[in-house]
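Proteins get letters first, then strands, A, B, ... in listed order; numbering begins at 1 in each. Note that the coordinates shown come from a computational prediction; the quantities given were computed from them, not determined experimentally.
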Amino acid sequence: MEYKFRDIEKKWQQQWKEKKVYSVPNDSPKPKYYVLDMFPYPSGAGLHVGHPLGYIASDIYARYKRLKGFNVLHPMGYDAFGLPAEQYAIEHGIHPAVSTENNINTFRKQLDNIGFCFDWDREVRTCEPSYYKWTQWIFLQLFDSWFNRITQKAERITQLIKLFETHGSDVPGIQRSAFSFTPAEWKSFDEATQQEILMQYRLAYLAYTDVNWCEALGTVLANDEVINGLSYRGGFPVVKKKMRQWSLRITEYAERLLKGLDEIDFSDSMKEIQRNWIGKSVGAEIDFAVSSEQDVIKSMRVFTTRPDTIFGVDFMVVAPEHEMVKSITSSAQQKEVDDYVQYVLTRSEVDRMAEVKKITGCFTGAYAVNPFDGRKIPIWISEYVLAGYGTGAIMAVPCGDERDFKFAKHFNIPITNIIGEYYNGEEANATKDAILQNSGFLNGMVMREAIDSAIAKIEADGIGKRQVNYKMRDAGWSRQRYWGEPFPIVYKNGVPYAMDEKELPLVLPPSNDFKPAGNGEGPLANLKDWIFFAANENRDSNTMPTHAGAAWYFLRYTDPHNDKAFADKKALDYWGQVDVYIGGSEHAVAHLLYSRLWVKVLHDLGYLNFDEPFKKLINQGKITGDSRFVYRVRGTNKFVSHGLKSQYDADALHVDVNIVNGTELDTAAFKKWKPDFADAEFILEDGKYICGTAIEKMSKSYFNVINPDDVVEKYGVDTFRMYEMFLGPLEASKPWDIKGIEGVHRFLKKLWRLFYDDLKGKVWNEDKANDAEWKALYKGLKKIEEDTDRFSFNTGVSTFMILVNELSDLKCHKKEVLEKLLIALTPYAPHIAEELWSLLGNSGTVLDAAYPAIETKYLIESSKEYPISINGKMRTTINIALDAAQPEVEQIVLTNDVVQKWLEGKAPKKIIFVKGKMVNVVM
RNA sequence: GCCCGGAUGGCGGAACUGGUAGACGCGUCAGACUCAAAAUCUGGUAUUCGCAAGGAUGUGCAGGUUCGAUUCCUGUUCCGGGCACCA
């Protein structure tokens with residue numbers, strides 16, 4: 001009886017579907033476990049072999065946990081809103097809803113083909129109104145909340161209004177704002193003014209912000225969609241533009257997002273990326289008195305991480321966009337300042353980044369006064385200081401900061417040395433170890449310690465305070481696009497109000513016009529009837545970014561069909577956090593931070609009893625393509641083999657990996673591949689045409705794409721799954737080399753032969769197993785369990801191979817042994833396991849079997865083949881009883897022939913014996 | 001420039017807490033079965049000296065700690081990823 005893998009796999013996939021074996025209940029006496037994949041954006045290209053890697057890993061883990069007695073939630077859905085579908089609509093006239101639906105169907109077919117154990121009854125699609133109703137609802141929760149800095153939590157806006165009524169603008173725990181009012185004044189403000197003030201505190205708020213405007217795409221991009229000043233999609237230039245945009249006040253959560261990292265199991269690099277993104281820096285804000293011609297501005301505030309260097313300040317630099325610039329510029333400098341400000345305005349982000357070496361700037365004619373020694377410090381403006389970070393102004397210490405140093409040198413500003421020999425006059429030295437000189441009350445202190453002393457003095461003198469800054473900005477949340485969630489907001493006479501919960505969802509209006517409205521507004525602005533739906537009332541023409549739907553989908557899976565709430569509280573409490581989340585590291589920043597933010601806000605508002613969404617995160621590596629090259633002799637149709645190419649003037653061309661066996665080109669197939677090559681000639685080496693190789697990303701244009709459907713057709717799903725895992729560690733990126741798959745396929749055939757022989761038929765029997773067979777089994781199962789627990793699936797697969805090799809050598813065909821092996825194999829190769837399980841006469845699915853417990857009595861060893869080292873070099877091994885003590889071991893070792901040979905009659909200096917490990921004779 | 005991660009046979013990789021480097025698989029070589037091939041099975045396969053027994057070398061490179069280092073420390077090269085005038 002042959003292993004007919006395709007028949008078996010199709011049969012079981014059908015049965016699992018009919019019997020709904022992957023359907024998961026929301027109430028169970030079993031402990032819960034939540035295994036989640038990052039849901040895919042359903043692109044038109046379909047899956048290649050790199051995509052399923054993480055899904056296979058999570059599938060193995062989900063099945064494993066189920067066998068171990070857990071109620072496992074393992075859902076899948078689609079991140080279905082997004083720009084590509086809209087671009088496609090503009091180019092091909094197909095509505096995004098239609099192309100998205102088609103793509104989802106293709107994805108589903110491919111996913112089903114790999115036999116995943118998703119509970120498809122829980123599928124979510126972010127573009128469905130029944131789903132985005134709740135995305136809009138959560139947005140309104142953010143709109144209706146503010147962040148209380150004392151409780152460090154989101155609270156309701158009604159709470160804030162009460163505080164304004166009793167405290168005025170002087171509410172403790174409130175962030176700074178431009179508004180200042182008494183309780184009485186608050187009550188006297190008209191509605192529009194009150195709403196404008198409240199907007200300064202809402203977690204989802206409207207503000208004029210500098211956005212990344214991409215003219216070519218006609219839209220605003222998030223920071224992570226801009227790479228080197230060009231749009232991520234299309235590579236178009238991106239410039240700064242002020243627009244009235246929705247933003248999420250994620251900066252208020254910076255500290256909690258940072259602290260939360262300590263409690264979750266993400267990789268160190270992932271945590272580091274998030275820490276860098278949040279960019280916490282501790283320092284002080286210091287006020288400097290200002291003396292200027294106009295005398296309007298009395299003082300300026302700077303942020304510095306190095307208040308210990310305050311006596312080394314030789315000039316101040318203010319961002320050219322800073323408001324104070326107008327008020328301090330002297331008449332003599334006016335023209336020069338105006339020109340410079342004008343120059344900076346014309347400079348796009350791209351230019352500012354591209355030119356790091358060029359130093360520009362301009363003196364304002366005003367001076368600041370050092371609060372400690374009264375020195376007059378010139379105030380400059382320069383583009384290297386950014387208005388949006390810190391206070392938009394810095395104190396420049398050229399002896400300790402490279403940029404400040406270059407600036408001072410360039411403009412001939414005298415440099416004060418406060419660090420003695422640490423400063424050589426050639427370059428700045430950012431040390432914290434120097435002993436301060438020329439530094440007033442800080443003289444003689446080590447800089448590292450002087451930081452705190454300086455802050456203490458600054459605070460005591462009332463000229464500043466300790467301050468923490470974050471590099472992270474609030475998240476821009478408006479997109480000038482059609483294919484996204486509309487904002488559930490109504491503007492009444494220009495004042496934004498939340499829509500009533502009962503009116504949700506605000507459905508995306510039907511349209512066939514996806515081009516931007518031209519004035520910087522998105523396609524929805526073209527739908528006048530929808531935008532201006534009532535007198536003096538209008539809607540927002542923007543939609544939310546794709547991050548919105550993805551920021552909470554893992555909550556929806558717990559109760560996906562609920563139309564009363566985003567999910568039932570009982571379901572949320574039962575499933576709780578995602579226990580394991582598997583996905584690519586490219587979502588390190590945006591998706592994970594926004595998800596963490598939304599969960600924290602929902603937690604603060606009492607909807608969730610946890611405040612981190614993902615307990616453990618695993619980033620699967622990329623599978624790279626293994627490209628092949630042929631070398632065409634220039635100007636001819638002759639192709640030279642790789643080893644001889646240096647003798648010719650030849651150009652490398654990518655060749656389809658599917659017509660290359662290893663590195664040997666199938667020259668006949670090559671001639672048929674493209675008409676151009678029909679009469680190609682070959683210069684061979686040893687009668688073969690050898691191709692060049694390169695590891696690159698999988699791409700159609702490199703002809704190195706492998707479609708999982710083809711692999712599955714040829715070798716079967718179980719082989720494909722195990723091979724993807726066998727390639728290497730889950731988190732490492734690794735090349736796809738089809739050659740190795742034969743080994744895994746052979747392994748499954750060998751496993752099959754333990755049960756059925758091609759000639760003899762059934763070979764399994766119901767005999768009692770002996771100790772050697774039990775030992776082989778349990779030794780293997782123990783390792784497999786350990787490997788699966790730590791997501792080391794590559795070593796797990798190899799342990800299965802070792803185990804099957806051993807059982808074959810032992811000629812063990814005994815049901816009681818093989819049955820346990822099948823249960824353990826189920827997570828890795830579910831189809832073959834299910835088939836053999838049923839052929840052994842079992843009813844029901846193997847997924848409902850109990851994971852085999854390890855019988856440790858078969859694993860106890862009485863002796864060990866000890867490695868014996870002489871001076872740390874392994875020379876021989878001796879079998880010694882494991883309970884032998886040092887004197888006994890020494891005696892055995894010293895009488896050994898090999899040891900005696902090496903000792904040459906001398907007595908050893910000492911003998912190191914580590915019980916159960918090794919012996920080392922030192923001479 | 002700064003911050004993280006990595007480098008092991010011809011190839012993918014293993015060695016989990018400092019204790020027999022190269023498990024497992026691919027490839028390859030030899031053999032068995034076969035008219036032949038496929039499939040399957042058996043054995044060898046880090047490099048090097050040697051008929052062999054056995055020895056020397058060996059985890060990017062240079063040092064160090066240790067009885068003993070792929071593993072720890074210092075420096076360095078290369079590769080991958082993140083951030084980038086962030087005060």
* Atom-pair distance (NZ on A/K622; C1' on B/G82), nearest Å -> 11 Å

* To do: Any strand is fair game: report the nucleotide pairing with B/A7 by Watson-Crick or G-U wobble, both distances under 3.5 Å, or none.
  => B/U77

* To do: Any strand is fair game: report the nucleotide pairing with B/C41 by Watson-Crick or G-U wobble, both distances under 3.5 Å, or none.
  => B/G31

* Asked: Which of the following nucleotides, B/A56, B/A87, B/U40, is nearest to the side chain of A/R875?
  -> B/A56

* From the list B/U40, B/G19, B/G25, which nucleotide is the closest neighbour of the side chain of A/M918? -> B/G19

* Kindly determine whether A/Y723 and A/F720 satisfy ring-ring contact (aromatic ring centres under 6.0 Å, His included), including the steps that lead there. => CA-CA 5 Å; A/Y723 184 55; A/F720 175 69; 8.4 Å; no

* Asked: When you compare B/A30 with B/G55, how far apart are their P atoms, in angstrom units rounded to a whole number?
  -> 30 Å

* Asked: Can A/F407 and A/F315 be said to form a ring-ring contact (aromatic ring centres under 6.0 Å, His included), step by step?
  -> CA-CA 10 Å; A/F407 194 89; A/F315 58 100; 5.2 Å; yes

* To do: Could you please spell out the steps behind the side chain to side chain contact (heavy atoms under 4.5 Å, CB included) verdict for A/E724 and A/W736?
  => CA-CA 9 Å; A/E724 288 240 335; A/W736 173 269; 3.3 Å; yes

* Asked: Can we say A/D262 and A/R275 salt-bridge, meaning some charged N sits less than 4.0 Å from an Asp/Glu carboxylate O?
  -> yes

* So which nucleotide from B/G55, B/U40, B/C86 ends up closest to the side chain of A/K901? -> B/G55

* Asked: Which comes earlier along RNA chain B counting from the 5' end, the contact point of A/M395 or that of A/V922, where each point is its nearest nucleotide?
  -> A/V922

* Asked: Between B/A56 atom C1' and A/I870 atom CD1, what is the distance in whole Å?
  -> 17 Å

* Can you figure out which of B/C86, B/C67, B/C85 approaches the side chain of A/K910 most closely? => B/C67

* Asked: Expressed as a whole number of Å, how far does the P atom of B/A69 sit from that of B/G18?
  -> 14 Å

* For A/E865, which contact category applies under a 4.0 Å heavy-atom criterion: base, sugar-phosphate, or nothing? -> base

* Assigned partner base of B/U71, Watson-Crick or wobble definition, under 3.5 Å -> none

* To do: Sticking with atom P, work out how far B/A46 lies from B/A21, rounded to a whole angstrom.
  => 14 Å

* To do: Using the P atom on both, measure B/U70 against B/U77 and round to a whole Å.
  => 23 Å

* Starting at CH2 of A/W752 and ending at P of B/U40, how long is that distance when rounded to a whole Å? -> 16 Å

* To do: Identify whether any heavy atom of A/D404 sits under 4.0 Å from a base atom; if not, whether one sits that close to sugar-phosphate; answer base, sugar-phosphate or nothing.
  => nothing

* **Integer-rounded Å distance: B/G81 C1' and A/E731 CD** => 14 Å

* To do: Look at the side chain of A/K873 and decide which nucleotide, out of B/U57, B/U20, B/G25, has an atom nearest to it.
  => B/U57

* B/C67 base / A/N920 side chain donor-acceptor hit below 3.5 Å -> yes

* **Member of A/N276, A/I250, A/V589 meeting the side-chain contact (heavy atoms from CB on, under 4.5 Å) criterion with A/M472** => A/I250

* When we call it a touch if two heavy atoms are under 4.0 Å apart, what does A/W736 touch: a base, just sugar-phosphate, or nothing? -> nothing

* Before accepting this row, confirm whether a basic side-chain N of the pair A/K779/A/E861 lies closer than 4.0 Å to the acidic partner's carboxylate O. => no

* Asked: Touch check for A/I273, heavy atoms < 4.0 angstrom, all strands: base, sugar-phosphate only, or nothing?
  -> sugar-phosphate

* Taking a pair as Watson-Crick or G-U wobble with both distances under 3.5 Å, which nucleotide is matched to B/A56? -> B/U47

* By nearest nucleotide on RNA chain B, pick out whichever of A/A393 and A/K864 is the more 5' one. => A/K864

* Note, A/I413 side chain near A/P398 side chain (heavy atom, < 4.5 Å) -> no

* **Residue from A/R790, A/K783, A/K782 passing salt bridge (charged side-chain N to carboxylate O under 4.0 Å, His left out) with A/E786** => A/K782

* To do: Find the distance A/R473:CZ to B/C86:C1' and express it as a whole number of Å.
  => 8 Å

* Asked: Roughly how far apart, to the nearest Å, are B/U8 and B/G80 at atom P?
  -> 15 Å

* Structure fact -> Considering only heavy side-chain atoms of A/W277, the closest of B/A87, B/G25, B/C83 is B/C83

* Answer whether the closest heavy-atom distance between the side chains of A/R721 and A/V744 falls below 4.5 Å. => no

* Structure fact -> Scanning all shown strands, the Watson-Crick or wobble mate of B/C85 with both distances under 3.5 Å is none

* Asked: Taking the C1' atom of each, how far is B/A52 from B/C16, in whole Å?
  -> 40 Å

* **Between P of B/C3 and CG of A/L261, the distance in whole Å** => 19 Å

* Taking any strand in view, what nucleotide pairs with B/A14 in a Watson-Crick or G-U wobble way, both distances under 3.5 Å? -> none

* To do: Would you mind reporting whether A/L592 and A/M270 have side-chain heavy atoms less than 4.5 Å apart?
  => yes

* Hey, does the side chain of A/R746 come within less than 4.0 Å of B/C41's phosphate (OP1/OP2), counting only N and O? -> no

* Asked: Would B/G54 be called syn or anti, given that syn covers angles within 90° of 0?
  -> anti

* To do: Pick the P atom in B/C83 and in B/G13, then give their distance to the nearest Å.
  => 25 Å

* Asked: Taking atom C1' in both B/G9 and B/G1, what distance in whole Å separates the two?
  -> 38 Å

* Out of B/U40, B/C86, B/G19, which has the shortest distance to the side chain of A/V914? -> B/G19

* **Under 4.0 Å protein heavy-atom contact, by nucleotide of nucleotides 4-16 of chain B - B base, S sugar-phosphate only** => S-------BSSSB

* To do: Looking only at side-chain atoms of A/E383, point me to the closest of B/G25, B/A87, B/C85.
  => B/C85

* Which nucleotide in the list B/A87, B/C24, B/C67 gets nearest to the side chain of A/I802? -> B/C24

* To do: Let me know the distance between NZ of A/K471 and P of B/G82, rounded to the nearest Å.
  => 14 Å

May I have the list of side-chain donor-acceptor pairs in residues 869-876 of chain A shorter than 3.5 Å, sequence neighbours left out?
residue, atom, partner, partner atom, Å
A/N871, OD1, A/M923, N, 3.0

* Rounded to the nearest Å, what distance is computed from the CE atom of residue A/M874 to the P atom of nucleotide B/A56? -> 12 Å

* Structure fact -> Taking B/C86, B/C41, B/C85 as options, the one with an atom nearest any side-chain atom of A/R753 is B/C41

